[in-house]
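Remarks on the structure that follows.
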Amino acid sequence: MAMIGLFDTGHGGLTIYKALRAAMPLRQFVYFGDHGRAPYGTKSATEILELTKSAIITLFERGCPLVVLACNTATAIALRSLQQEWLPHSEYKNRRVLGIIVPTVEIATTSHADAPMNKHETLAVFATQRTIESQVFEVEIHKRNPLANVIPQICPHLAGAIEAGASEGELEKQVQDAVAACLEKTNGTAPQRAILGCTHFPIVEHLFKKYLPASTVLFSQGTAVADRLADYLQRHPEFNQREEKRADVFLTSGDAIAVSRDAQRFLGLSLPFERCAK
Ligand code: DGL
């Protein structure tokens, strides 16, 4: 079956990879992490667009007809413009690029213990500065539930701190501050739902669980993306033709040895990253 390319700025997309790997055992994945240039969450929109385009080309050139941006920042800032203004006019026009925000919102606004979302529910979104500023999560949530009370919360340095291998204490402080700032906006009321809208954040999900009220349902992006991607692939047989399955490939623009070590540390995954200059 067609290889699927996964892109993230660094380690975060591995949280999506882990879910896809479990859900699609017959697929081959090619992962590219731009660890050498992460984090993107505080870069300009123009820079994010260019870096994302170049990462997609890297994955296309490795033979992936379909690339999933396993990164909310790249999805929020670059996806629409690359899908509409670049891809159809490029030499890769028969290939496809998908994002992860709509799949996440689709799941987070419907499946709450299999019950639909109540009209006035409060939904917190924790994400990078650029993702929150883009308002893409709010727009997509309000398309499905116009009365939802969305609480966007920037976690300005959390993805960068994870990339930099910050101590557990430092990460805990950042999560604690972000949750406190979010709860201040709700006057202490527990949000019914919360989305970790940065693929790096599931790495510190235990810390979000520690500080969020116990009644807040935390949505996992990995399973949401796996669910919606399986549905997409079923509707697109061109990506399901039989091909020999080879081992997954892991590329990084950073230090391959350090990145493999961190993948083990953060996600318990033993992955042979190789350096790719891009
Ligand atoms: N993991 C990314 C996301 O989902 C980006 C983190 C960053 O590079 O700032 O937004």
Side-chain angles (χ1 to χ4, degrees), residues 3-18 20-21 28-64 67-79 81-82 86 92 97-100 127-131 134 154-167 170-171 174 197-204 221 247-278:
M3 285 192 285
I4 297 181
L6 295 175
F7 164 64
D8 183 48
T9 65
H11 301 303
L14 292 174
T15 61
I16 303 288
Y17 165 74
K18 207 172 174 178
L20 294 183
R21 174 74 287 146
Q28 185 191 0
F29 294 95
V30 181
Y31 186 93
F32 175 68
D34 198 8
H35 298 85
R37 299 174 188 85
Y40 281 19
T42 44
K43 291 192 195 302
S44 73
T46 316
E47 250 183 307
I48 294 170
L49 188 73
E50 282 313 309
L51 291 172
T52 303
K53 183 163 93 179
S54 142
I56 293 169
I57 292 173
T58 299
L59 289 163
F60 283 165
E61 292 294 327
R62 291 281 176 147
C64 302
V67 169
V68 176
L69 301 180
C71 171
N72 295 275
T73 308
T75 300
I77 303 299
L79 179 66
S81 124
L82 292 175
W86 168 66
Y92 308 103
V97 181
L98 303 174
I100 57 172
T128 66
Q129 183 185 335
R130 285 285 170 258
T131 299
S134 76
I154 296 175
C155 306
H157 306 297
L158 187 54
I162 292 169
E163 282 297 313
S167 67
E170 167 58 22
L171 298 174
Q174 291 204 28
C198 169
T199 54
H200 280 69
F201 297 175
I203 290 170
V204 288
Q221 251 189 327
D248 295 342
V249 173
F250 300 91
L251 307 170
T252 176
S253 60
D255 173 346
I257 292 173
V259 169
S260 298
R261 187 196 57 218
D262 287 346
Q264 179 73 53
R265 176 178 151 218
F266 289 135
L267 292 142
L269 295 172
S270 172
L271 308 176
F273 270 92
E274 51 187 271
R275 188 165 152 78
C276 163
K278 183 165 122 171

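In this chain, residues are counted from 1 in sequence order.
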Between V68 and I4, does a side chain to side chain contact (heavy atoms under 4.5 Å, CB included) hold up when you go through it step by step? CA-CA 7 Å; V68 176; I4 297 181; 4.0 Å; yes

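- Rounding to the nearest 0.5 angstrom, the gap separating the CG atom in D8 from the OG1 atom in T52 is 10.0 Å.
- Here F7 contributes atom CZ and T58 contributes atom OG1; the two are 9.0 Å apart, rounded to the nearest 0.5 Å.
- Y92 places a side-chain heavy atom less than 4.5 Å from the side chain of I57.
- The distance from atom OG of S270 to atom CZ of F250, rounded to the nearest 0.5 Å, is 9.5 Å.
- Judged purely by distance below 3.5 Å, without hydrogens or angles, the side chains of E163 and H200 pair a donor atom with an acceptor atom.
- When all heavy atoms of A166 and E170 are compared, the pair lying nearest together is CB-CG, 3.7 Å.
- Counting only heavy atoms from C-beta outward, the side chains of Q221 and N72 approach each other to under 4.5 Å.
- In this structure, CZ on R21 lies 4.5 Å from CG on D248, to the nearest 0.5 angstrom.
- The heavy-atom pair separating F266 from I162 by the smallest distance is CZ-O, 3.3 Å.
- Under the 3.5 Å distance criterion, the side-chain polar atoms of S54 are left unmatched by any main-chain donor or acceptor of E50.
- For the residue pair T199 and P202, the shortest heavy atom distance occurs at O-CD, 3.2 Å.
- Heavy atoms only, all atoms of each residue included: Y31 and G10 are closest at OH-O, 2.6 Å.
- Using cut-offs of 30° and 60° on the angle between ring planes, the pair Y17 and F29 is perpendicular.
- Taking 4.5 Å as the limit, every side-chain heavy atom of Q174 sits out of range of all side-chain heavy atoms of V204.
- The minimum heavy-atom distance linking A74 with I48 is given by the pair CA-CG2, 4.2 Å.
- Taking all atoms of both residues into account, the shortest heavy-atom contact from G254 to R275 is O-NH1, 3.2 Å.
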I would like to know whether T42 and R130 meet side chain to side chain contact (heavy atoms under 4.5 Å, CB included); could you show each step before the answer? CA-CA 6 Å; T42 44; R130 285 285 170 258; 5.9 Å; no

Could you walk me through whether T73 and T9 pass the side chain to side chain contact (heavy atoms under 4.5 Å, CB included) test, one step at a time? CA-CA 9 Å; T73 308; T9 65; 5.6 Å; no

Show which side-chain atoms of residues 255-264 pair as donor or acceptor with protein atoms under 3.5 Å away, not counting sequence neighbours.
unit_1 : atom_1 : unit_2 : atom_2 : d
D255   : OD1    : I257   : N      : 3.1
D255   : OD1    : A258   : N      : 3.3
S260   : OG     : A256   : O      : 3.0
S260   : OG     : L271   : O      : 3.0
S260   : OG     : F273   : N      : 3.2

Candidate pair I77 and K43, rule side chain to side chain contact (heavy atoms under 4.5 Å, CB included), full reasoning: CA-CA 11 Å; I77 303 299; K43 291 192 195 302; over 6 Å; no

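- Checked against side-chain contact (heavy atoms from CB on, under 4.5 Å), L49 has the following partners two or more places apart in sequence or in another chain: A78, S81, L82.
- The structure places NE2 of H11 at 8.0 Å from OG1 of T252, a figure rounded to the nearest 0.5 Å.
- From L59, atom CG reaches atom CG of L69 across 9.5 Å, with rounding to the nearest 0.5 Å.
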